[in-house]
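Below is one structure; the comments refer to it alone.
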Protein chains: 2
Amino acid sequence: MENKTGYLREYLHKHGVKPSSIRMVVLDYLLSRRTHPTAEEVYGALCQELPAVSRASIYNTLELFCQKGIVKTVPTDGRETRYDADRSFHGHFECEVCGKIYDFRIDSDNVDLRELEGFVVREKDIYCRGLCPQCHSDQ
Amino acid sequence: MENKTGYLREYLHKHGVKPSSIRMVVLDYLLSRRTHPTAEEVYGALCQELPAVSRASIYNTLELFCQKGIVKTVPTDGRETRYDADRSFHGHFECEVCGKIYDFRIDSDNVDLRELEGFVVREKDIYCRGLCPQCHSDQ
DNA sequence: TCAATATTTAGAATTATTATATTTTTGAAT
DNA sequence: ATTCAAAAATATAATAATTCTAAATATTGA
């Protein structure tokens with residue numbers, strides 16, 4: 001898996017982040033599963049690979065990744081911050097029952113922001129909430 | 001102001017909420033200022049009118065209003081929940097500097113949710129983040 | 001009126017996150 | 001390789017937002 005390590009190292013480097021073992025593992029986790037995890041989920045998953053890791057390091061790493069544009073936060077109603085390594089424009093759907101967040105494709109041109117003249121728009125998101133097909137059929 | 005009281009009472013009744021003095025005052029606050037306040041902001045503002053009010057009552061009232069469809073929460077990156085009494089479809093812009101949340105009009109038809117077939121969509125929102133004109137010109 | 005129910009309160013508990021101070025790791029210069 | 005400084009990671013304390021709990025108060029209906 002020398003390739004993967006090299007890829008992650010390069011990915012961090014391109015975004016101006018010095019590699020460290022934690023950063024590599026966190027990045028690998030975020031890139032390989034596009035599940036919009038919370039900090040706690042990242043921490044829980046990584047405890048197996050890095051038994052000595054601390055929550056603070058996870059928070060620091062995620063905050064750094066945000067600043068450097070490696071991940072972005074997903075605006076949601078919940079109070080846990082969720083992180084997304086897919087920085088392309090897409091929508092998010094949050095299921096009210098299972099809490100899962102789904103991505104969906106949407107044409108960026110559809111979103112007409114003419115009324116935001118004078119504003120500097122750095123991020124935009126489409127957010128929907130309701131029932132996912134699974135939870136809908138379970139009722 | 002008998003009119004206002006009657007209006008608020010009726011508004012609550014229509015949404016299946018029994019009126020109480022706290023509920024009336026909270027509703028009045030939410031309807032008269034469309035500022036997407038946090039629970040703490042509502043609490044702070046109401047302490048003057050209702051000196052004995054508790055935070056728990058504010059939280060309870062806002063939660064009840066959400067369930068009954070009187071307000072909805074605004075999905076944001078921040079970790080304080082923000083409430084919006086304007087339930088019509090519109091976009092939100094959050095300023096990264098001053099934290100203020102602005103509404104903007106956007107045509108609902110523009111948002112193409114065809115890819116969410118099989119999902120029950122109960123809420124949708126457009127979220128943007130960046131610099132508001134004020135904070136942009138201050139830099 | 002009086003019991004049953006709903007609402008509100010104060011404060012404790014919980015959860016998510018951030019801050020702090022110490023230790024460990026890393027990488028350059030010797 | 002060894003030393004040293006800077007950066008990163010750690011454990012833990014502190015903070016912030018919210019929720020829970022139990023008691024007090026208010027409201028409603030027989």
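A, B, ... follow the sequence lines: proteins, then strands. Residue 1 opens every chain.
In the region residues 48-67 of chain B, proximity to DNA chain D at under 4.0 angstrom, judged on heavy atoms, holds for B:Ala56, B:Tyr59. Sorted by residue number, the members of residues 17-46 of chain B with any non-hydrogen atom under 4.0 Å from DNA chain C read B:Lys18, B:Ser20, B:Ile22, B:Arg23.
Bounding nucleotides for the chain B contact on DNA chain D, 5' to 3', at a heavy-atom distance below 4.0 Å, are D:dA16 to D:dC20.
Taking the six-membered ring where the residue is Trp, B:Phe119 and A:Tyr102 present perpendicular rings, their angle passing 60° and hence far from 30°.
In this structure, CZ in A:Arg114 is found 9.5 Å from CG in B:Asp107, a value given to the nearest 0.5 Å. Considering OH of A:Tyr83 and CG of A:Leu62, their distance stands at 5.0 Å, rounded to 0.5 Å. A distance of 4.0 Å separates NE2 of B:His90 from CG of B:Asp84, quoted to the nearest 0.5 Å. Distance OG1/A:Thr38 to CD/A:Glu41: 3.5 Å, rounded to 0.5 Å. Atom SG of residue A:Cys132 and atom CG of residue A:Asp138 lie 8.0 Å apart, to the nearest 0.5 angstrom.
A:Arg87 CZ: more than 12 foreign heavy atoms inside a 6.0 Å radius.
A donor-acceptor contact closer than 3.5 angstrom links the side chains of A:Asp103 and A:His36.
Rounded to an integer number of Å, the gap from CZ of A:Arg79 to C1' of C:dT18 is 15 Å.
In this structure, A:Val111 is a member of the same hydrophobic cluster as B:Leu116, with clusters built from ILVMFWY side-chain heavy atoms closer than 4.5 Å.
The cationic group of A:Lys124 lies under 6.0 Å from the six-membered ring centre of A:Phe89 and within 45° of the ring axis, placing it in a cation-pi geometry.
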